[in-house]
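Worksheet for the structure shown next.
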Amino acid sequence: MNNSLKGLTFLVTGIIDSGSLALSIAKQIRSEGGDVICTGLGKTKYHENLSEKAISYLEKSYESFSKTIEEELGKETMTLPLDVTLDKSIEEVADTLEAKSIQLNGFIHSIAMDKSIKSGMVVKPLLQITKEEFFQAMEVSAFSIIPLTKALLDKKVLQNNSSILALSYIGAEKIVQHPYKNIGIAKAALERIVKELAFELGKSHSMRVNAIRFSPYTGSKAGSAIQGLQEAVDFCDSHSPLGNARPEDIALESTYLLQPNLRVTGEIRNVDGGYHIRG
Ligand SMILES: NC(=O)c1ccc[n+]([C@@H]2O[C@H](COP(=O)([O-])OP(=O)(O)OC[C@H]3O[C@@H](n4cnc5c(N)ncnc54)[C@H](O)[C@@H]3O)[C@@H](O)[C@H]2O)c1
């Protein structure tokens with residue numbers, strides 16, 4: 001067993017079921033001697049005026065998250081609800097960790113949402129995206145890494161020399177085989193935020209901030225909702241030198257980047273079987 005993360009603790013966001021990429025990363029952290037605390041989207045006391053549909057969605061999401069953690073990581077794993085659209089929910093996560101004297105050595109941002117993408121629906125052209133859809137995708141999928149980092153830093157939960165890692169996609173930069181319109185713009189912002197934070201936090205806290213672009217993957221809830229993603233999976237698999245990367249591959253690259261004392265920051269890594277080198 002590789003013990004490169006022995007004694008280190010990481011917050012892992014974005015697990016909802018056994019197909020979540022963040023789950024593969026959490027398992028790899030464990031297998032390298034690290035510990036994980038997991039957050040899942042769920043209803044909190046800060047949600048107000050929710051419709052029945054929204055309540056049911058949040059409750060089902062948290063139920064699926066809790067069941068997955070129990071089955072895949074064990075019921076002793078610490079879990080917390082988190083909705084990154086609510087400042088108070090983010091603060092509560094930081095407060096809870098502070099109250100338990102937990103010192104984090106980093107966290108994984110594996111969160112994305114775009115309400116203009118719905119399972120079985122054609123993705124809207126950019127000209128039809130509403131202001132609300134644009135800013136919601138931006139808030140959840142990009143901006144959220146900033147208040148989460150700030151809350152953990154303010155409570156002195158996130159230690160100097162920590163490592164922050166975000167998950168991205170080639171659609172942040174390029175027009176891909178399938179429509180990745182509104183969310184592509186949010187991913188571009190996420191990657192730019194990663195670089196800006198890498199500079200600020202490297203200087204101030206010796207922290208590293210990196211992102212990984214992964215192959216298209218239909219095994220997760222987010223991936224399975226994207227129109228035409230299966231065709232993109234097949235196309236990228238046959239056009240990349242090594243074939244598509246698997247969840248194990250992103251997990252291994254993640255734990256490499258989470259290692260303490262690594263002088264790698266502001267990187268946007270490609271874990272995609274080499275697909276990105278194609279013209
Ligand atoms: N599936 C792919 O093809 C693919 C490829 C490259 C990168 N990614 C990225 O990997 C990350 C994880 O995606 P995944 O494919 O594992 O899908 P997933 O559905 O398992 O993960 C997305 C997570 O975002 C969470 N989330 C959504 N809104 C939230 C909110 N308001 N607050 C807190 N959490 C919220 C969901 O609950 C879910 O756990 C995302 O950033 C995604 O864009 C996915």
Side-chain angles (χ1 to χ4, degrees), residues 11-26 38-44 46-47 54 57-66 68-69 72 79-87 89-90 92-93 107-115 117 119 136-145 147-148 165-173 176-178 180 182-184 186-191 194 211-233 236-237 244-247 249-251 253-254 268-273 275-276:
L11 186 73
V12 179
T13 68
I15 295 175
I16 189 157
D17 60 24
S18 60
S20 291
L21 294 170
L23 178 65
S24 305
I25 300 172
C38 299
T39 65
L41 177 62
K43 192 169 168 301
T44 71
Y46 308 110
H47 285 100
Y57 171 72
L58 288 170
E59 286 178 349
K60 282 197 183 125
S61 293
Y62 203 72
E63 209 178 288
S64 171
F65 159 73
S66 303
T68 304
I69 299 298
E72 304 274 352
T79 53
L80 298 166
L82 171 66
D83 183 340
V84 292
T85 63
L86 300 174
D87 293 346
S89 173
I90 294 178
E92 188 173 54
V93 167
F107 75 87
I108 313 292
H109 182 281
S110 185
I111 294 173
M113 191 277 311
D114 174 6
K115 286 195 174 159
I117 294 179
S119 209
Q136 276 180 341
M138 198 59 95
E139 178 182 27
V140 174
S141 317
F143 175 72
S144 60
I145 195 170
L148 186 54
L165 184 64
L167 269 53
S168 190
Y169 184 53
I170 192 170
E173 180 188 341
V176 284
Q177 282 73 33
H178 58 90
Y180 197 71
N182 193 35
I183 187 72
K187 286 291 186 197
L190 175 69
E191 292 188 0
V194 160
I212 296 179
R213 289 182 181 171
F214 186 56
S215 294
Y217 169 68
T218 49
S220 65
K221 253 201 171 58
S224 64
I226 299 175
Q227 179 204 352
L229 199 69
Q230 187 53 53
E231 290 75 12
V233 167
C236 294
D237 198 38
N244 285 337
R246 302 149 302 170
D249 298 311
I250 195 172
E253 187 67 10
S254 299
I268 311 296
R269 286 278 222 259
N270 293 282
V271 175
D272 64 356
Y275 178 76
H276 66 283

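Computed from a predicted structure; not experimentally measured. All ligand and atom numbering here is 1-based and tracks the order in the structure.
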Centroid separation Tyr180 to His178 less than 6.0 Å: yes
Exam field: side chain Ser20 to backbone Asp17, donor-acceptor pair closer than 3.5 Å: yes
Spacing of His47 atom NE2 and Leu58 atom CG [to the nearest 0.5 Å]: 4.5 Å
Residues in side chain to side chain donor-acceptor pair (under 3.5 Å) contact with Thr13, at least two apart in sequence or another chain: none
Min side-chain heavy-atom separation Val84-Leu41 under 4.5 Å: no
Parallel, tilted or perpendicular, as decided by the 30° and 60° cut-offs, for the rings of Phe65 and Tyr62: tilted
For ligand 1, the residues whose heavy atoms come within less than 4.0 Å (ordered by chain, then number): Gly14, Ile15, Ile16, Ser20, Leu21, Leu41, Leu82, Asp83, Val84, Thr85, Ser110, Ile111, Ala112, Met113, Val140, Leu167, Ser168, Tyr169, Lys187, Phe214, Ser215, Pro216, Tyr217, Ser220, Lys221, Ala222, Gly223, Leu229
